[in-house]
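Report on one structure; see the data block that follows.
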Amino acid sequence: MLFLTFSMKGKERTMQEEYDFSNARKNPYAKLLKKQITINLDANTLDYFKDQSENCGIPYQTLINLYLRDCVANKRHLEMSWN
């Protein structure tokens with residue numbers, strides 16, 4: 001049997017070969033985890049969010065996510081006309 005020894009916060013610990021997770025709980029934050037996707041945005045839209053990002057110091061991907069999350073939370077519906 002192989003045991004690895006490592007130091008964490010000044011205390012020496014031994015890593016076991018196997019662990020028992022039968023009594024483990026699910027992560028309560030798992031629903032909040034983000035999923036990586038590919039999305040096509042026009043240049044003007046991307047530039048808008050990048051400018052906003054520079055002004056507020058939040059990454060533009062996070063700003064886009066916050067905007068879309070707000071749409072979901074407030075159940076916004078898209079109203080468009082192609083005139």
Side-chain angles (χ1 to χ4, degrees):
M1 207 182 283
L2 174 67
F3 291 99
L4 299 175
T5 303
F6 62 96
S7 180
M8 193 165 110
K9 293 185 180 180
K11 296 181 181 178
E12 195 169 287
R13 311 251 180 186
T14 301
M15 187 168 188
Q16 299 176 12
E17 194 171 299
E18 291 186 23
Y19 290 87
D20 179 14
F21 292 104
S22 61
N23 293 324
R25 294 182 290 150
K26 286 187 177 184
N27 181 349
Y29 302 102
K31 290 182 180 179
L32 300 176
L33 295 177
K34 295 179 180 177
K35 183 175 181 179
Q36 184 174 355
I37 64 165
T38 301
I39 184 171
N40 296 317
L41 301 173
D42 59 55
N44 292 339
T45 301
L46 189 56
D47 290 342
Y48 172 81
F49 280 102
K50 284 185 175 184
D51 288 342
Q52 294 299 312
S53 171
E54 289 178 16
N55 292 336
C56 66
I58 298 174
Y60 73 92
Q61 298 97 329
T62 302
L63 288 177
I64 293 169
N65 187 60
L66 288 170
Y67 182 79
L68 294 174
R69 186 186 303 169
D70 180 66
C71 291
V72 171
N74 293 297
K75 296 181 175 33
R76 298 187 198 282
H77 295 281
L78 181 62
E79 294 181 22
M80 288 182 55
S81 63
W82 297 94
N83 295 335

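Owing to the predicted nature of the structure, the values given are computational and were not obtained by experimental measurement. Nothing fancy with the numbering, it's 1 onward along the sequence. Side chains included, hydrogens not; waters and symmetry mates left out as well; all remaining heavy atoms used.
Proximity of a side-chain donor or acceptor of Asp20 to a complementary backbone N or O of Ser22 within less than 3.5 Å is detected.
The two residues Tyr60 and Leu46 come nearest to each other via the heavy atoms CE1-CD1, 3.5 Å. Of all non-hydrogen atoms in Arg76 and Asp70, the two that sit nearest each other are NH2-OD2, 2.9 Å.
Ile58 and Ile39 fall within a single hydrophobic cluster, where Ile, Leu, Val, Met, Phe, Trp and Tyr are joined by side-chain heavy atoms under 4.5 Å apart, directly or via other members.
In this structure, CG on Asn27 lies 9.5 Å from CZ on Arg25, to the nearest 0.5 angstrom. How far CG of Asp47 is from OG of Ser53: 12.0 Å, rounded to the nearest 0.5 Å.
For Tyr48, the OH atom is loosely surrounded, since the number of other residues' heavy atoms within 6.0 Å does not exceed 12.
In this structure the side chain of Ile64 reaches within 4.5 angstrom of the side chain of Leu41, judged on heavy atoms.
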